[in-house]
Structure formats: structure tokens, C-alpha cells
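Input: a single structure, listed below in C-alpha cells.
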Amino acid sequence: MAVAGTINARLPEDLKRRGGQVLAREGVSTTQAVRCLYEYLEREQRVPEWMRGDAGACDEVSKRREKLRSLVGVVDLPRGVDARQEYRDYLVEKHGPGLHS
């Protein structure tokens, strides 16, 4: 695939860092993530449901994330417990196996 264009986006540095950590953990490059979004837009001819709604909803999600981050380390989990994996398993159970496709 020939590169036909580039996208430059301005993000708060902490958001870029944290989002980059998630992408790296999942083995997805920033380019792959953006390309997948644009492929979705082209295929579906609409924005994903999670992008719809008012800007206040995005702020509310950010507030919830900050509250959750403040709880990190408050509870000691038993040795060997992978809370992230348990949450991923919960999401797959709730939304189905096609969650990551």
C-alpha cells in the first residue's frame, strides 16, 4: 500500500502516552489504529457508536478514568491475579468474542 497522505493530530501529552501504552501492550501501532478507524469509516460510512454523543460525555469518561487511576495500589491483589486479563475476559463475555476484531 502506497502512502498517499499523513495525519497530524494534537493531543495532550499524557493522553498520547497512556494511549500509546495501551496500543503497545496490545501490539498495535498508532498507524494501524488510525488506519483501522479510517477503514471502518469508509466501510460503514458513519462514525463508531462510541464516538457519537456530546463532548461532555468524553469529559465524563475522562473523569471516571482519573477516579479509577487514583485507586491504583489501594488494594493488594493476591499473587498471580491479573486484573487486566480478568477485565478483558469480562468484556468478551459481555460483548462477545468479536470485541477485538
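We count residues from 1, following the sequence as given.
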ring-ring contact (aromatic ring centres under 6.0 Å, His included) pairs touching residues 67-90, sequence neighbours excluded, are Tyr87-Tyr90
Residue set satisfying side chain to side chain contact (heavy atoms under 4.5 Å, CB included) with Ala24, at least two apart, ordered chain then number -> none
Hydrophobic cluster identity match, Leu37 and Val47, side-chain contacts under 4.5 Å
yes
Contacts satisfying salt bridge (Lys or Arg N to Asp or Glu O under 4.0 Å) that involve residues 69-82 (not counting sequence neighbours) are Glu66-Arg69
Salt bridge (Lys or Arg N to Asp or Glu O under 4.0 Å) pairs touching residues 8-17, sequence neighbours excluded, are Asp14-Arg18
Residues passing the side chain to side chain contact (heavy atoms under 4.5 Å, CB included) test with Gln32, sequence neighbours excluded, are Val28, Ser29
Heavy atoms from other residues, nucleotides or ligands near CZ of Arg43 exceed 12 (cutoff 6.0 Å)
yes
Grouping ILVMFWY residues whenever side-chain heavy atoms fall under 4.5 Å, the cluster of Val22 otherwise contains none
For this session: Check whether any side-chain heavy atom of Glu26 sits under 4.5 Å from a side-chain heavy atom of Arg88, and report yes or no.
Result: yes
Hits for side chain to side chain donor-acceptor pair (under 3.5 Å) against Thr30, two or more places apart or cross-chain, chain-then-number order -> none
Residues passing the side chain to side chain contact (heavy atoms under 4.5 Å, CB included) test with Glu42, sequence neighbours excluded, are none
Audit row: Thr31, Arg35, side-chain contact (heavy atoms from CB on, under 4.5 Å) steps and yes/no: CA-CA 6 Å; Thr31 298; Arg35 184 178 295 127; 3.5 Å; yes
By side chain to side chain donor-acceptor pair (under 3.5 Å), Tyr38 pairs with (sequence neighbours left out) none
### Query
Under 4.5 Å between side-chain heavy atoms, hopping through other hydrophobics if needed: is there a path connecting Leu41 to Met51?
yes
